[in-house]
Asker: 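Here it is: the structure, laid out below.
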Amino acid sequence: QVQLAESGGGLVQTGDSLRLSCAASARSFSSYAMSWFRQAPGKERDFVAAISVSGSNTHYADSVKGRFTISRDNAKNMAYLQMNSRKPEEQAVYYCAADLEEKDYAHTSSDRRTMDYWGKGTLVKGSS
């Protein structure tokens, strides 16, 4: 069983930066690819970014490439999402998810239907 807890959400102005954190309880954290998804009110939960078990490979949604950066620290059982140049339409609940992976891939962890564990989410609200 893996428990995930997101933090770092809050009220952010358009264009500002914000870093989200995801703390994992698993002793085998380094066996999981980690992903971030987001869900705006009335919309589906969409993929944002993923990072492979070692951290060597990353994968991003086209809408966030060049602005968001996903990272992880296996020694601390932590994953992060650095968000820069945020846009107003990116107000959403942001979720981290864990995907048990045998290979060091990131692109295979972009489908919300295949995630093994989810956090409860952290709300990122925008203000202009």
Side-chain angles (χ1 to χ4, degrees):
Q1 187 75 12
V2 177
Q3 293 184 327
L4 303 174
E6 302 92 340
S7 62
L11 185 64
V12 186
Q13 290 191 343
T14 299
D16 279 359
S17 299
L18 189 68
R19 188 175 86 155
L20 305 181
S21 299
C22 175
S25 66
R27 286 185 290 178
S28 56
F29 177 71
S30 58
S31 297
Y32 292 86
M34 298 299 296
S35 300
W36 287 93
F37 292 79
R38 64 188 177 191
Q39 187 168 20
K43 296 188 177 181
E44 293 187 345
R45 191 171 299 186
D46 292 330
F47 169 73
V48 176
I51 189 166
S52 64
V53 295
S54 73
S56 297
N57 298 302
T58 56
H59 179 58
Y60 295 93
D62 288 343
S63 60
V64 306
K65 283 181 180 177
R67 300 186 298 117
F68 289 14
T69 302
I70 188 171
S71 61
R72 67 187 296 159
D73 185 337
N74 286 346
K76 296 181 179 179
N77 281 16
M78 296 290 296
Y80 306 96
L81 183 68
Q82 176 69 41
M83 303 186 293
N84 298 330
S85 303
R86 280 194 63 260
K87 301 177 180 180
E89 61 268 30
E90 292 177 327
Q91 174 172 304
V93 177
Y94 284 72
Y95 298 89
C96 70
D99 182 18
L100 187 62
E101 275 287 351
E102 294 183 351
K103 297 184 178 181
D104 199 29
Y105 293 159
H107 66 279
T108 53
S109 299
S110 61
D111 186 342
R112 65 180 185 272
R113 296 168 296 181
T114 64
M115 296 296 106
D116 295 298
Y117 299 100
W118 291 90
K120 293 182 179 180
T122 185
L123 177 62
V124 176
K125 293 187 68 175
S127 65
S128 57

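For the numbers below, each heavy atom of this structure counts, side chains included, while hydrogens, waters and symmetry mates do not.
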Asker: Using the side chain to side chain contact (heavy atoms under 4.5 Å, CB included) rule, pick out the option among Val12, Leu20, Asp16 that qualifies with Met83.
Answerer: Leu20

Asker: Kindly say whether Ser85 contributes a backbone atom to a donor-acceptor pair with the side chain of Arg67 at under 3.5 angstrom?
Answerer: yes

Asker: Show your reasoning for whether side chain to side chain contact (heavy atoms under 4.5 Å, CB included) applies to Ser30 and Val53.
Answerer: CA-CA 5 Å; Ser30 58; Val53 295; 5.6 Å; no

Asker: OG/Ser7 to CZ/Arg19 distance, rounded to the nearest 0.5 angstrom?
Answerer: 9.0 Å

Asker: If you compare all heavy atoms of Gly8 against all heavy atoms of Leu18, which two are closest, and at what distance to 0.1 Å?
Answerer: O-CD1, 3.5 Å

Asker: Please check: side-chain N/O of Arg45 versus main-chain N/O of Val93, any donor-acceptor pairing under 3.5 Å?
Answerer: no

Asker: Rounded to the nearest 0.5 Å, what's the gap from CG on Leu81 to CE on Met34? Could you check?
Answerer: 11.5 Å

Asker: How far apart are the closest heavy atoms of Ala92 and Ala40, and which atoms are they?
Answerer: CB-N, 3.8 Å

Asker: For the residue pair Asn84 and Ser17, what are the closest heavy atoms and their distance?
Answerer: OD1-OG, 2.8 Å

Asker: Please confirm whether the backbone N or O of Lys120 pairs with a side-chain atom of Glu6, one donor and one acceptor, at under 3.5 Å?
Answerer: yes

Asker: If you count the non-hydrogen atoms of other residues, nucleotides and ligands that lie under 6.0 Å from OH in Tyr105, is the total more than 12?
Answerer: no

Asker: Return yes when atom CD of Glu44 has more than 12 non-hydrogen atoms of other residues, nucleotides or ligands closer than 6.0 Å, and no otherwise.
Answerer: no

Asker: Could you measure the distance from the CG atom of Asp99 to the OG1 atom of Thr114? Nearest 0.5 Å is fine.
Answerer: 5.0 Å

Asker: To the nearest 0.5 angstrom, please state how far the CG atom of Asp46 sits from the CD atom of Glu90.
Answerer: 11.0 Å

Asker: If we check side chain to side chain contact (heavy atoms under 4.5 Å, CB included) with Met115, which of these qualifies: Phe37, Phe47, Tyr32?
Answerer: Phe37

Asker: I'd like to know if the side chain of Gln3 and the backbone of Ser25 have a donor-acceptor N/O pair within less than 3.5 Å.
Answerer: no

Asker: Report the distance from atom OG1 of Thr14 to atom CD of Gln91, rounding to the nearest 0.5 Å.
Answerer: 9.5 Å

Asker: With a 4.5 Å limit on heavy-atom distance, are the side chains of Arg38 and Val64 in contact?
Answerer: yes

Asker: Identify whether Leu100 and Tyr117 are in the same connected component of the hydrophobic contact network (ILVMFWY, side-chain heavy atoms under 4.5 Å).
Answerer: yes

Asker: Has Asp104 got a side-chain atom pairing as donor or acceptor with Ser54's backbone, closer than 3.5 angstrom?
Answerer: yes

Asker: Looking at Glu101 and Ser109, what are the two nearest heavy atoms and their distance?
Answerer: OE2-OG, 3.9 Å

Asker: Find out whether Lys76 and Phe29 are in side-chain contact, i.e. whether some heavy atom of one side chain is under 4.5 Å from a heavy atom of the other.
Answerer: no

Asker: Please check: side-chain N/O of Thr69 versus main-chain N/O of Gln82, any donor-acceptor pairing under 3.5 Å?
Answerer: no

Asker: Do you know which two heavy atoms are closest between Ile70 and Ser35, and how far apart they sit?
Answerer: CD1-CA, 4.5 Å

Asker: With clusters defined by side-chain heavy atoms of hydrophobic residues (ILVMFWY) lying less than 4.5 Å apart, directly or transitively, does Tyr95 cluster with Met78?
Answerer: no

Asker: Take Trp36 and Cys96 through the side chain to side chain contact (heavy atoms under 4.5 Å, CB included) test and state the conclusion after the steps.
Answerer: CA-CA 4 Å; Trp36 287 93; Cys96 70; 4.0 Å; yes

